[in-house]
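Note that the coordinates shown come from a computational prediction; the quantities given were computed from them, not determined experimentally. Atoms within a ligand are numbered from 1 in the order they appear, just like the ligands themselves.
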Amino acid sequence: MPVRPTPQSGVMQIAPYVPGRSSAGGGSSGKIVKLSSNESPLGASPAAIAALEGLGNTLAAYPDGSSSDLRQAIAQTQGLEAERIVVGAGSDELLHLLAQTYLGEGDEAVISQFGFLVYPIVTKGAGAQPIFAWDKDYCVDVDAMLGAVSERTKLVFLANPNNPTGTYVSEAELMRLHAGLRPDILLVVDSAYAEYVTANDYAAGDRLVRDSDNVVMVRTFSKIGLAALRIGWMYGPAHIVDAVNRLRGPFNVNRAAQLAGEATVRDVEFVARLKAHNKKWRDWLTSELNRNRIRILPSQGNFVLALFEEDGGKAAKKANEALLEAGLIVREMGAYGLPDALRISIGEERAMRAVAKVLKGLNE
Ligand SMILES: *Cc1c(COP(=O)(O)O)cnc(C)c1O
């Protein structure tokens with residue numbers, strides 16, 4: 001072997017991330033509808049688009065390094081303290097920063113069986129080991145999560161609701177998970193889909209953050225219209241905010257993202273419209289498809305997971321091909337260890353009716 005630069009060992013253990021596809025390939029003709037990345041079902045807030053209009057005049061100057069206007073807007077609308085918020089270039093950046101800050105060689109992070117794929121990436125990137133806890137029928141099992149904790153555990157990741165399953169744990173279960181952790185273990189509650197949750201026993205985690213020293217809540221704008229701009233935020237105790245801010249790049253969030261984020265946070269009506277649209281079509285798609293030998297997991301997100309439990313993955317592949325043929329791009333789930341599943345983002349009415357038509361047609 002020639003002598004050459006060597007990545008730190010954890011990095012080469014990372015399986016390359018495969019994003020949702022954005023073209024349908026050869027087969028389809030006509031309009032392509034992308035339902036593979038859980039973006040907003042109704043585009044961006046008009047206020048966010050308008051907010052970007054003045055941007056040209058300011059391109060030569062660095063953005064506000066602490067995103068203070070955006071933090072103020074989040075704090076005001078959500079009833080939080082601005083000093084305990086950190087804004088990131090997508091919540092992915094914040095997950096990386098948390099892992100880099102709290103994990104190192106020899107440490108372990110607990111992740112649920114079908115937890116978000118970014119968690120093992122950031123864990124290995126920090127030189128630590130991901131430890132997976134079995135789900136119970138596609139839902140995070142708090143007892144299994146607690147059972148996976150060892151003396152080496154430094155961090156526990158919980159996506160709630162979870163991507164890609166769409167299932168969630170109740171506030172009582174979240175509290176039980178937290179109560180079972182040693183105080184030196186950081187619990188990262190990733191509430192990326194909180195804006196879409198309709199269950200009334202759910203909590204996004206802000207109260208738990210306020211009442212403890214070892215919890216952070218991570219949020220994103222990617223699912224409410226700003227995926228292109230890469231912007232997310234976290235809310236945590238002062239000591240964690242201080243540590244993360246030391247490692248964070250001084251100008252990590254660009255001005256366009258800050259402006260559009262602030263406008264979106266303040267456009268309460270838009271976010272409410274997204275939620276209502278999503279609930280309507282999530283419920284509709286779930287009940288349409290559940291009747292047709294496809295199992296749709298009950299979802300609290302802006303997507304559903306469709307399980308084709310017969311044929312060990314062949315039925316899912318066939319369904320995916322039929323959807324692609326109709327110009328509908330959904331997400332294959334092999335990378336999550338779910339070859340018999342397809343994840344379908346909630347979109348506009350026309351797209352939802354088209355998905356239902358294709359999938360029902362398969363079983364006739
Ligand atoms: C989409 C998603 C995110 C958001 O990532 P961004 O970097 O903000 O786009 C975070 N966590 C989960 C579970 C997600 O599904």
Quiz item: Which ligand 1 atoms, with their elements, are less than 4.0 angstrom from a heavy-atom of Tyr193?
Solution: 1 (C), 14 (C), 15 (O)
Self-check item: Lys/Arg-Asp/Glu bridge criterion (N-O < 4.0 Å) met for Arg176, Glu173
Solution: yes
Quiz prompt | Arg230: numbered ligand 1 atoms lying under 4.0 Å from its heavy atoms | solution = 6 (P), 7 (O), 9 (O)
Quiz item: Considering only heavy atoms of Ser222, which atoms of ligand 1 have at least one such atom less than 4.0 Å away?
Solution: 6 (P), 8 (O), 9 (O)
Quiz item: How far is atom 4 (C) of ligand 1 from its nearest protein heavy atom, and which residue and atom name does that atom have?
Solution: Ser91 OG, 3.1 Å
Self-check item: Glu288/Lys360 ion pair, N-O < 4.0 Å
Solution: yes
Quiz item: Partners of Ile49 by side chain to side chain contact (heavy atoms under 4.5 Å, CB included), sequence neighbours excluded?
Solution: Ala44
Practice problem: Using a strict cut-off of 4.0 Å, indicate which atoms of ligand 1 neighbour a heavy atom of Asn163. | Solution: 13 (C), 14 (C), 15 (O)
Quiz prompt | ligand 1 atoms in contact with Ala192 (distance to a heavy atom under 4.0 Å) | solution = 2 (C), 3 (C), 10 (C), 11 (N), 12 (C), 14 (C)
Quiz item: Does Asp190 come within less than 4.0 angstrom of ligand 1, counting non-hydrogen atoms of the residue?
Solution: yes
Quiz item: Quick one: salt bridge (charged side-chain N to carboxylate O under 4.0 Å, His left out) pairs with a partner in residues 342-352, sequence neighbours left out?
Solution: Glu349-Arg353
Quiz prompt | Asp213 side chain reached by His239 side chain, heavy atoms, under 4.5 Å | solution = yes
Exercise. Heavy-atom contacts with Lys223 under 4.0 Å: which atoms of ligand 1 show up? List them by number with element.
Key: 1 (C), 2 (C), 3 (C), 4 (C), 14 (C), 15 (O)
Exercise. Provide the number and element of each atom of ligand 1 under 4.0 Å from a heavy atom of Thr220.
Key: 4 (C), 6 (P), 8 (O), 9 (O)
